[in-house]
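What you see below is based on every heavy atom in this structure, not just the backbone, and it leaves out hydrogens, waters and symmetry mates.
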Amino acid sequence: MCAAWPGFLYLVTGLHTVNVGFTLDVLDTPPPIDDVWEEIVEVSFNAGIGKITLFDWCGGEAICDIPLSPGTDRVRYCARGMGEGWELDTNIKEPVDFYYLAFWPAPQAPDAVLKTLD
């Protein structure tokens with residue numbers, strides 16, 4: 001669902017194409033864990049010194065820049081409705097799967113699964 005390499009963060013969504021619900025935060029401290037999310041994972045991410053940009057996988061279009069300082073951040077990736085998105089594969093209506101991505105400064109730490117869909 002989420003994997004990190006120096007300068008790269010790979011995120012998986014349920015829908016293959018079209019838009020998903022997506023929120024991104026750059027914070028000073030970890031956000032609270034919200035029960036609205038079905039799946040939550042965390043990884044460490046080193047942005048390096050270059051500009052970090054979120055890209056659309058299918059079209060390669062830049063969605064937004066992510067204002068990170070050089071150094072290591074913790075990343076939390078949360079998902080809701082991912083299974084429904086996988087079942088549809090492509091959706092031309094309103095999003096059925098929703099994601100939250102948060103960054104905050106933190107030392108390197110092992111990847112962690114905080115919550116999975118039962």
Side-chain angles (χ1 to χ4, degrees):
M1 169 151 114
C2 176
W5 298 271
F8 293 93
L9 188 64
Y10 180 75
L11 308 170
V12 174
T13 61
L15 282 173
H16 180 264
T17 52
V18 188
N19 296 329
V20 298
F22 197 91
T23 302
L24 184 143
D25 280 329
V26 177
L27 308 167
D28 293 325
T29 60
I33 294 177
D34 189 337
D35 286 336
V36 71
W37 300 111
E38 297 168 342
E39 300 180 55
I40 304 171
V41 297
E42 287 185 1
V43 299
S44 290
F45 176 67
N46 190 320
I49 58 172
K51 178 173 81 170
I52 300 299
T53 303
L54 179 66
F55 286 94
D56 176 311
W57 176 258
C58 293
E61 181 180 327
I63 304 298
C64 67
D65 289 333
I66 304 171
L68 298 179
S69 298
T72 302
D73 287 281
R74 194 69 173 164
V75 178
R76 183 175 297 158
Y77 188 49
C78 305
R80 178 178 77 240
M82 185 180 253
E84 290 87 344
W86 276 335
E87 288 176 16
L88 286 174
D89 187 52
T90 300
N91 185 15
I92 59 172
K93 297 180 181 180
E94 294 296 314
V96 296
D97 50 343
F98 299 86
Y99 302 89
Y100 175 64
L101 185 66
F103 295 82
W104 66 93
Q108 184 78 24
D111 296 352
V113 176
L114 304 181
K115 185 177 180 184
T116 60
L117 188 60
D118 297 328

Would you list the pairs meeting salt bridge (Lys or Arg N to Asp or Glu O under 4.0 Å) in which at least one residue belongs to residues 71-80, sequence neighbours left out? E42-R74, E42-R76

Relative to the ring of Y99, is the ring of Y77 parallel (under 30°), tilted (30 to 60°) or perpendicular (over 60°)? parallel

Not counting sequence neighbours, which residues clear side chain to side chain contact (heavy atoms under 4.5 Å, CB included) with D28? List them please. none

Under the rule for side chain to side chain contact (heavy atoms under 4.5 Å, CB included), what residues qualify as partners of T29, not counting sequence neighbours? none

Heavy-atom closest contact (I52 atom, F45 atom, distance): CD1-CZ, 4.1 Å

Under the rule for side chain to side chain donor-acceptor pair (under 3.5 Å), what residues qualify as partners of D35, not counting sequence neighbours? none

Measuring from I33:CD1 to L114:CG, what's the distance to the nearest 0.5 Å? 5.0 Å

What are the two closest non-hydrogen atoms of T72 and S44, and how far apart are they? CG2-CB, 4.3 Å

pair V41-D111: side-chain heavy atoms closer than 4.5 Å: no

List in chain and number order the residues that pass side chain to side chain contact (heavy atoms under 4.5 Å, CB included) with Y100, two or more places apart in sequence or in another chain; answer none if no residue qualifies. T23, D25, L27, P31, W37, C78, A102

Find the distance between CD1 (I66) and CZ (F103) and round it off to the nearest 0.5 Å. 4.0 Å

